[in-house]
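From a predicted model like this one, the values you see are computed outputs, not experimental measurements.
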Amino acid sequence: MTWSRVLLVLLLAAGALYCKVPRVSKIVADTSISVEDGWIDYRDVRYQAEWGPEEARAGNARLFERAKYKSAPFFTHHTVLTTGEFSDSELVTIRHTGGGNFTWAAPRKPEGTLVVLHIVPLDEDVLDQLGTIDDGDLVELTGRVEIDGKVSGSDGSWLRLGHSNHKYFLVERATALAN
């Protein structure tokens with residue numbers, strides 16, 4: 001093997017290790033949440049979040065995926081939750097464009113709703129419930145929306161949603177109703 005190939009293999013291995021994201025179960029085990037006090041502890045950082053009252057959101061989970069946010073690993077999943085014509089994959093195309101951003105396209109304005117949920121599971125039981133959801137499933141997610149769309153870390157980090165139809169959602173119960 002030539003030195004250039006050895007270097008290439010080493011660079012690829014280093015890149016894979018750098019991009020490696022912890023297992024979801026490890027993230028949830030390392031996370032503590034106090035809804036009432038408005039914080040999420042993950043490892044050595046306390047994040048402030050103001051959670052609203054419990055609510056249920058139902059719809060089709062389009063692009064239900066594992067989220068990988070290095071700055072906030074406790075957001076373990078995201079989904080585009082749709083109703084009406086937005087749930088019709090033949091009419092509306094939805095793409096994940098990276099990070100927490102999504103785009104949709106349709107030949108005409110669809111009837112219904114589309115909201116992007118950036119999900120924090122309350123605990124390991126909820127994580128197991130989320131594990132039963134597949135793309136396209138009709139689901140009901142019960143939990144709390146973060147009120148102002150901003151999460152601030154004790155280390156000076158912060159996250160802020162840039163779109164009105166994106167929500168940070170603390171899931172307390174997840175149910176797949178049908179697929």
Side-chain angles (χ1 to χ4, degrees), residues 13-82 96-102 113-135 137 139-177:
L17 287 174
Y18 176 77
C19 293
K20 186 177 185 228
V21 178
R23 288 184 338 270
V24 178
S25 58
K26 175 81 170 123
I27 291 169
V28 173
D30 289 346
T31 302
S32 300
I33 300 170
S34 174
V35 174
E36 297 79 24
D37 296 327
W39 53 258
I40 300 170
D41 280 350
Y42 179 73
R43 297 198 174 164
D44 295 331
V45 180
R46 175 161 284 185
Y47 297 86
Q48 297 298 313
E50 186 178 350
W51 302 107
E54 184 177 276
E55 62 181 74
R57 294 197 173 222
N60 288 94
R62 304 263 323 257
L63 297 183
F64 187 82
E65 301 175 337
R66 163 76 162 92
K68 298 174 185 167
Y69 306 126
K70 283 188 176 190
S71 59
F74 47 83
F75 289 108
T76 62
H77 295 79
H78 47 226
T79 190
V80 180
L81 196 65
T82 62
H96 182 206
T97 58
N101 298 306
F102 296 82
T113 62
L114 178 147
V115 65
V116 178
L117 300 178
H118 304 277
I119 296 171
V120 179
L122 180 64
D123 55 30
E124 291 178 22
D125 289 338
V126 173
L127 180 61
D128 290 344
Q129 295 167 15
L130 291 170
T132 68
I133 297 172
D134 291 318
D135 281 353
D137 282 355
V139 301
E140 181 176 79
L141 302 175
T142 303
R144 300 165 190 274
V145 171
E146 205 289 322
I147 303 259
D148 65 0
K150 184 176 180 185
V151 176
S152 304
S154 60
D155 62 352
S157 63
W158 57 274
L159 301 147
R160 177 172 224 99
L161 294 171
H163 305 286
S164 62
N165 70 330
H166 285 233
K167 306 292 180 196
Y168 294 136
F169 198 69
L170 174 65
V171 176
E172 298 171 333
R173 189 172 51 259
T175 308
L177 303 173

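- Ring geometry, His166 versus Phe102: the interplanar angle falls from 30° to 60°, so the pair is classed tilted.
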Checklist entry - Stepwise, does the side chain to side chain contact (heavy atoms under 4.5 Å, CB included) test hold for Leu141 with Ile133? => result CA-CA 11 Å; Leu141 302 175; Ile133 297 172; 4.1 Å; yes
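- Inter-residue side-chain proximity for Leu159 and Tyr69 is flagged as unmet; no heavy-atom pair is nearer than 4.5 Å.
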Item to check | Derivation of the side chain to side chain contact (heavy atoms under 4.5 Å, CB included) call for Val35 and Glu172 | outcome: CA-CA 11 Å; Val35 174; Glu172 298 171 333; 4.3 Å; yes
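- From Asn165, atom CG reaches atom CG of Leu117 across 9.5 Å, with rounding to the nearest 0.5 Å.
- Here CG of Asp125 is found 11.0 Å from CG of Leu130. Values are rounded to the nearest 0.5 Å.
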Item to check | Residue pair His77, Val24: steps toward the side chain to side chain contact (heavy atoms under 4.5 Å, CB included) verdict | outcome: CA-CA 9 Å; His77 295 79; Val24 178; 4.2 Å; yes
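- Rounding to the nearest 0.5 Å gives a distance of 12.5 Å between CZ of Arg43 and CZ of Phe74.
- Screening Ile119, Val80, Leu81 for a side chain to side chain contact (heavy atoms under 4.5 Å, CB included) with Phe64, the sole residue that qualifies is Ile119.
- With Glu146 contributing its side chain and Lys150 its backbone, the two residues share a donor-acceptor pair below 3.5 Å.
- Here the closest heavy-atom approach between residue Ala176 and residue Thr132 is recorded as CB-O, 4.2 Å.
- Considering every non-hydrogen atom in both Arg66 and His78, the closest pair reads O-NE2, 4.2 Å.
- Checking side-chain atoms of Gln48 against main-chain N and O of Trp39 turns up no donor-acceptor pair under 3.5 Å.
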Next on the checklist: Quick one, Trp51 with Ile40, criterion side chain to side chain contact (heavy atoms under 4.5 Å, CB included). Give me CA distance, side-chain angles, the key distance, then yes/no.
Outcome noted: CA-CA 11 Å; Trp51 302 107; Ile40 300 170; 3.7 Å; yes
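- No side-chain donor-acceptor contact under 3.5 Å links Asp137 to the backbone of Val139.
- Here the CG atom belonging to Asp30 is positioned 9.5 Å from the OG atom belonging to Ser25, to the nearest 0.5 angstrom.
- Contact annotation: the side chain of Phe169 approaches that of Glu55 to within less than 4.5 Å [non-hydrogen atoms, C-beta and beyond].
- Judged purely by atom type and a 3.5 angstrom limit, Ser154 uses its side chain to pair as donor or acceptor with the backbone of Arg46.
- In plain terms, the two heavy atoms of Gly52 and Ile147 that are nearest each other are CA-CD1, 3.5 Å.
- Summarising the geometry, atom CD belonging to Glu140 is positioned 7.0 Å from atom CZ belonging to Arg173; distances are rounded to the nearest 0.5 Å.
- Residues Val171 and Pro121 have side chains not in contact (no heavy-atom distance under 4.5 Å, counting atoms from C-beta outward).
- Atom CG of Asp44 sits in a sparse spot, with 12 or fewer heavy atoms from other residues, nucleotides or ligands closer than 6.0 Å.
- Under the 6.0 Å cut-off for aromatic ring centres, Tyr42 and Tyr47 do not qualify, their centroids lying 6.0 Å or more apart.
- Across every non-hydrogen atom of Glu54 and Arg144, the tightest pair is N-NH1, 3.4 Å.
- Here the shortest heavy-atom pairing between His96 and Asn101 reads CD2-O, 3.0 Å.
- When all heavy atoms are compared, the tightest approach of Leu161 to Lys167 is CD1-CA, 3.7 Å.
- The distance from the CD atom of Gln129 to the CG atom of Asp123 is 8.0 Å, given to the nearest 0.5 Å.
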